[in-house]
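Here the structure is a predicted model, which is why all the values come from computation and not from measurement. By convention in this document, chain letters (A, B, ...) are assigned in the order of the sequence lines, proteins followed by strands, and residues within each chain are numbered from 1.
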Amino acid sequence: MSNIRAVRGMNDILPDETPHWQHLEQTVSRVLSSYGYGEIRLPLVESTRLFKRSIGEVTDIVEKEMYSFDDRNGDSLTLRPEGTAGCVRAAIQQGLLGVPQRLWYAGPMFRYERPQKGRQRQFHQIGVEAFGVPTPDMDAEIILLSARIWRQLGLVDSVALQLNSIGSSSARQAYRSALVEYLQQREDALDEDSQRRLHSNPLRILDSKNPQTQALLDGAPALADFLDEESRDDFARLRELLDAAGQRYVVNARLVRGLDYYNKTVFEWVTDRLGAQGTVCAGGRYDGLVEQLGGKPTPAVGFAMGMERLVLLLLESAQAVPAGRGVDAYVVAVGEAAQREALAAVEAVRDKLGELVILQHTGAGSFKSQLKKADKSGARVALIWGEDEVANGKVTIKQLRDQAAQVDNPGQQTVPREHLEATLVAAFADRMG
RNA sequence: GUGGCCGUAGCUCAUCAGGUAGAGCACCGGAUUGUGGCUCCGGAGGUGGCGGGUUCGAGACCCGUCGGCCACCCCA
């Protein structure tokens, strides 16, 4: 087709699916405000420099996945590939960091990757960031907060928490050397990708999917043995807090994160129900980032969840989302005079009974075809204006759903127009707040 | 960037040793002059992703290209 299509990896979210999105967004935002987090709305576009500095120059995201372009001033701008950098930038710029600060944001992110299940080029995240608290009770807070979200969504049985500590950056550097040394001696046993990572990002070899590589890692030095004392203590404390709160988790010693700014605690919520992209939510501590971006040293923890993946998981887990209200009434009006009457009358009804969902028939259509549409719409009643009604100043209310009513009587009543509101109030007594 | 599978009506799919396409659903109309759901009848809708090649003839075979899905990589 030569028609214009959506850009690859940038998907439309259709009315069929938006109820799931809304349910997800509403649930998350409700939980977040109950923990005192405030929403912040951030630009989709930031200076390219911001992402290079925060995410790390040699990460895949920065090297090959960013949508970057020069604006008319010649400044290099980038569609945000993740949210933390922009949030930190805003927090610094707007002077939000004098006191502990709890923030969240939602919106699209952009990464130039090959689309697959649970991964597109424009995807949506909800990010949560807590600034100014160095102690692991804050790590515990955001983990427990995320767990609460899964519970409210009915997803507890679909996800599992993985936890690790990657320590301070100096501890990590020491470990990196040890790991590289160990692996270099066995380089020919490594898969091709891992050989490459040996030079670019050796820690990522730890979560390689290659079984041979994983076997090789069994004998490798362990990250845990290289942790600095503070990281070790904080991690122990975090586990204590989670245990006390009854939060289950598994320590995954090979869990590392792709972005450079993380330190100490890292965690992921994973599922086995989404194919290859099993991470549904991930985050960790990033104590150095604020300072690195020009702010006063400020510890921070945060995470982001992938909305597309969570929506998939809701569908996969057959988690019912609250049904929409549906159509209450469908207005059938035949002829110009009737249409004029109906339009005005229904506007008056909306003034009084604003919560009713009323579908007005528009366009042409015989009596019969209009009723057919009324039925298809799922409306409970049809409001009918025909010649007779117009002539007598009346309107017919016809029941379309109530089977019992239709057995004993025609299932419809014709009332004076000024009784329409009262009749509707009675008919929808069960649905009116 | 790499690999596998796929690309026929709005949707889900079929057909075929290669002889210029069909079903179900949806849509429109009729069977009832003002009454839907069920049923019946009829209708509209496809340059078979696009381009090239083989052939008397291709949606079916070959090549290319674009697109989709899944996986690798990477990540939420």
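- Across the C1' atoms, B:C50 and B:C73 are found 30 Å apart, a figure rounded to whole Å.
- Across B:G34, B:C72, B:C73, the shortest atom-to-atom separation from the side chain of A:Arg114 is found for B:C72.
- If you take atom P in B:G49 and the same atom in B:C56, they sit 24 Å apart, rounded to whole Å.
- Residue contacts for A:Ala374: at a heavy-atom cut-off of 4.0 Å it reaches no nucleic acid atom on any strand shown.
- The A:Thr396 side chain lies nearest to B:G34 when the options are B:C27, B:C70, B:G34.
- Contacts of A:Gln120 with the nucleic acid, taken as non-hydrogen atoms under 4.0 Å apart, include base atoms.
- Within 4.0 Å (heavy atoms only), A:Lys209 reaches at least one base atom of the nucleic acid.
- At a threshold of 4.0 angstrom between heavy atoms, the contacts of A:Gly283 with the nucleic acid are absent.
- Near RNA chain B, meaning a heavy atom under 4.0 Å from it, residues 299-317 of chain A has A:Ala304, A:Gly306, A:Arg309 in order of number.
- Between B:C38 and B:A31, the distance separating the two C1' atoms is 14 Å to the nearest Å.
- One side chain, A:Thr84 or A:Glu129, offers a donor N or O that lies under 3.5 Å from an acceptor on the other.
- Scanning RNA chain B for stems, defined as runs of 3 or more consecutive Watson-Crick or G-U wobble pairs whose donor-acceptor distances all fall under 3.5 Å, gives the following ranges: B:1-7 with B:66-72, B:10-13 with B:22-25, B:27-31 with B:39-43, B:49-53 with B:61-65.
- Sequence order on RNA chain B of the closest nucleotides to A:Asn201 and A:Ala379 puts A:Ala379 first from the 5' end.
- The CD-P distance, from A:Glu113 to B:U2, rounds to 16 Å in whole Å.
- Listed candidates were B:C75, B:A71, B:G34. Nearest to the side chain of A:Gln116 is B:A71.
- Counting non-hydrogen atoms under 4.0 angstrom, A:Arg257 reaches the backbone sugars and phosphates but no base.
- A:Arg172 forms no cation-pi arrangement with A:Phe226, by the criterion of a distance under 6.0 Å to the ring centre and an angle within 45° of the ring axis.
- A donor-acceptor pair shorter than 3.5 Å cannot be found between the side chains of A:Ser231 and A:Asp234.
- Side-chain N/O atoms of A:Lys368 include none lying less than 4.0 angstrom from OP1 or OP2 on B:G29.
- As judged by a 4.0 angstrom heavy-atom cut-off over every strand, A:Glu387 is placed among the base-contacting residues.
- Screening residues 27-38 of chain A for side-chain hydrogen bond (donor to acceptor under 3.5 Å, both in side chains) gives A:Arg30-A:Gln152, A:Tyr35-A:Arg148, A:Tyr37-A:Glu141 as the qualifying pairs, with residues at least two apart or on separate chains.
- Nearest nucleotide to the A:Arg401 side chain, out of B:C75, B:G36, B:G34: B:G36.
- The P atoms of B:C16 and B:A23 are separated by 16 Å, rounded to the nearest whole Å.
- Using a 4.0 Å heavy-atom criterion, one finds that A:Arg8 contacts the sugar-phosphate atoms exclusively.
- No hydrogens or angles were tested; on distance alone, a donor-acceptor pair under 3.5 Å links the side chain of A:Arg119 to the base of B:C73.
- The side chain of A:Leu259 sits closest to B:A76 out of B:C73, B:G67, B:A76.
- Within residues 142-163 of chain A, no residue approaches RNA chain B, by heavy-atom distance under 4.0 Å.
- A:Ser317 and A:Ser158 form a side-chain donor-acceptor contact under 3.5 Å, judged by distance and modelled atom types alone.
- Taking the C1' atom of each, B:A44 and B:C61 are spaced 34 Å apart, rounded to whole Å.
- Distance check on atom C1': B:A17 versus B:U55 gives 15 Å, rounded to whole Å.
- No N or O donor and acceptor, one from the side chain of A:Gln370 and one from the base of B:U35, sit under 3.5 Å apart.
- Comparing B:G29, B:G34, B:U35 by their closest approach to the side chain of A:Ser369 singles out B:G29.
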_Base contacts versus sugar-phosphate-only contacts with protein, heavy atoms under 4.0 Å: please encode nucleotides 5-11 of chain B as B, S and - from 5' to 3'._
-------
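- Considering CG of A:Leu241 and CD1 of A:Ile143, their distance stands at 9.5 Å, rounded to 0.5 Å.
- The separation between A:Asp207 atom CG and B:C74 atom P is 8 Å, rounded to whole Å.
- Within the structure, a side-chain polar atom (N or O) of A:Lys373 is placed less than 4.0 Å from OP1 or OP2 of B:C28.
- Within residues 50-66 of chain A, the residues that have a heavy atom under 4.0 Å from RNA chain B are, in order of number, A:Asp60, A:Glu65.
- Closest approach to the A:Arg111 side chain among B:U35, B:A76, B:C72 is made by B:A76 (side chain taken as heavy atoms from C-beta onward).
- Remark: A:Gln185 CD is packed, more than 12 non-hydrogen atoms of other residues, nucleotides or ligands lying under 6.0 Å away.
- The aromatic rings of A:Tyr330 and A:His361 sit tilted relative to each other, their planes meeting at an angle between 30° and 60°.
- Interface remark: the A:Gln412 side chain does not form any donor-acceptor pair with the B:G36 base, using a distance-only criterion of under 3.5 Å.
- Of the P atoms belonging to B:G3 and B:G64, the separation is 12 Å, rounded to the nearest Å.
- At a threshold of 4.0 angstrom between heavy atoms, the contacts of A:Arg121 with the nucleic acid are absent.
- By the 6.0 Å and 45° rule, A:Arg186 stacks over the aromatic ring of A:Tyr182.
- Judged by distance alone with a 3.5 Å cut-off, a donor-acceptor contact links the side chain of A:Asp375 to the base of B:G36.
- Across B:G29 and B:G37, the matching P atoms stand 12 Å from one another, rounded to whole Å.
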